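Here the structure is laid out as structure tokens; the discussion comes afterwards.
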Amino acid sequence: MNQLEQLPIPLLQWFQEHARVLPWRSDPTPYHVWISEIMLQQTRVAAVLDYYRRFLDALPTVAHLAAVEEDTLLKLWQGLGYYNRARNLQKAARQIMEEFGGVFPASYEEILSLAGVGEYTAGAISSIAFGIPVPAVDGNVLRVVARITGDRGDILNAATKARMRAALLETMPKQFPGAYNQALMELGALVCLPNGAPLCEQCPAASFCTAYQEGLTGELPVKAPKKARRVEKRTVFLLFHGGRVALRRRPKRGLLAGLWEYPNEVEAGPAALEAWGITPRTLEAGGAGKHIFSHIEWHMHALLAETADDTLPDGWVWADGRELEEVYAIPNAFQAFSDTVSARLRSSL
DNA sequence: AACTCGGGGTA
DNA sequence: TACCCAGAGTT
């Protein structure tokens with residue numbers, strides 16, 4: 001790992017010149033850094049920007065986050081994905097209020113104890129907000145380190161990750177841990193690009209990078225292939241009555257936990273309506289949609305019905321157009337039907 | 001160690 | 001298509 005010893009000075013200099021202007025960098029309080037880091041988990045910078053601003057506008061402090069209604073919180077997170085991040089954020093905010101007297105904890109171990117904060121995020125908050133010299137090893141950093149050091153270990157393997165983290169801890173410039181960690185990630189995001197397409201001629205580490213010097217940028221990093229997705233054929237029921245549409249809340253655990261949805265079942269037909277005690281007055285096909293998750297693929301067909309009355313199973317609700325927009329958090333998986341639904345709600349006014 | 005958990009940009 | 005993204009929690 002000798003190459004990493006040569007990295008800090010050229011990388012910090014490169015970062016000074018090329019760092020992107022990002023909202024969470026302008027005032028890096030622990031709260032700001034924390035919220036940004038949680039939003040950025042497995043999520044690109046461009047996707048986070050608007051959510052970050054809206055979130056801090058609505059919930060400017062830990063106390064606000066600890067006290068907010070769950071539906072309001074999920075609405076702020078709607079479309080960002082990995083919704084347990086939002087629930088863990090509130091769990092951690094309540095930890096901070098109760099265990100730490102409302103003051104954001106200032107040690108790596110305490111930060112790591114917060115819900116939704118793992119090794120990476122604890123390192124990022126510790127180094128950026130508190131100046132504690134610990135690494136923050138994300139996917140970018142794993143790729144950068146694998147290439148610079150020529151490490152052929154699988155970067156998804158825990159031992160490989162631990163080895164790289166240890167090497168980074170050894171060679172970290174103790175005066176600028178936050179800038180150094182961000183510089184490593186920035187290099188991965190802007191220059192040391194994945195899929196064998198790095199921009200090595202722009203890289204401050206090119207002169208001592210193993211992968212570049214030995215022509216291995218196409219082989220590194222090594223990463224095990226993922227298994228295939230399973231396909232689910234789902235029938236989505238778009239049920240209307242009196243200018244409103246039926247929604248139900250998804251279970252508290254599992255996929256899209258706690259969000260609202262148009263009732264849907266795997267390979268169901270009109271018989272499902274009877275089982276729910278719903279009597280259709282009209283019934284027609286309502287279009288199709290596809291949504292791809294990391295591990296599941298939904299192939300959806302809609303059945304569209306006007307119901308004879310307003311009876312619904314327990315816990316289901318009738319939502320009007322305004323509530324659909326402002327109250328209920330509905331995942332993007334159902335986006336294919338949103339035009340159909342809003343058109344139907346408008347036409348029945 | 002393997003699996004679950006979103007959604008979208010990119011080639 | 002397939003890959004990847006400022007990963008964490010559960011099994």
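Below, read A as the first sequence line, B as the second, and so on, with proteins coming before strands; counting in each chain starts at 1. Owing to the predicted nature of the structure, the values given are computational and were not obtained by experimental measurement.
At a threshold of 4.0 angstrom between heavy atoms, the contacts of A:Lys226 include nucleobase atoms, whether or not backbone atoms are also involved. Using a 4.0 Å heavy-atom criterion, one finds that A:Gly79 contacts the sugar-phosphate atoms exclusively.
For C:dG7, the base has no donor-acceptor partner in the side chain of A:Thr121 [N/O atoms by modelled type, under 3.5 angstrom].
Using bins of under 30°, 30° to 60° and over 60° for the plane-to-plane angle, the ring pair A:Tyr52/A:His32 lands in the perpendicular bin.
By the 6.0 Å and 45° rule, A:Arg85 does not stack over the aromatic ring of A:Tyr82.
When distances run from any side-chain atom of A:Asn332 to the nucleotides B:dG8, B:dG6, C:dC4, the shortest one goes to B:dG8. Proximity note for A:Glu186 (side chain, C-beta onward) versus B:dG6, C:dA6, C:dC4: the nearest is C:dA6. The A:Arg230 side chain lies nearest to B:dT4 when the options are C:dC4, B:dT4, C:dA6. Minimum atom distance to the side chain of A:Lys227 is reached by B:dC3, of the listed C:dG7, B:dC3, B:dG8. For A:Tyr83, the side-chain atoms get nearest to B:dG7 when compared with the rest of C:dC3, B:dG7, C:dG7. Of the listed nucleotides (B:dG7, C:dT1, C:dC5), C:dT1 has the atom at the smallest distance from the side chain of A:Lys290.
Using a 4.0 Å cut-off, no side-chain N or O of A:Asn195 falls inside it from OP1 or OP2 of B:dT10. At the phosphate of C:dC5, neither OP1 nor OP2 sits under 4.0 Å from any side-chain N or O atom of A:Tyr82. OP1 or OP2 of C:dA6 has at least one side-chain nitrogen or oxygen of A:Asn140 nearer than 4.0 Å.
In this structure, A:Leu255 and A:Arg44 both approach DNA chain B, and ranking their closest nucleotides by distance from the 5' end singles out A:Leu255.
Every pair passing ring pair (Phe, Tyr, Trp, His ring centres under 6.0 Å) that includes a residue from residues 90-140 of chain A is listed here, sequence neighbours excluded: A:Trp34-A:Phe104.
Paired with A:Leu239 under the rule side chain to side chain contact (heavy atoms under 4.5 Å, CB included), one option of A:Leu303, A:Val245, A:Leu247, A:Leu273 passes, and it is A:Leu273.
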Find every protein N or O atom lying less than 3.5 Å from an N or O atom of nucleotides 9-11 of chain C, and list the pairs.
residue, atom, partner, partner atom, Å
C:dG9, OP1, A:Gly116, N, 2.4

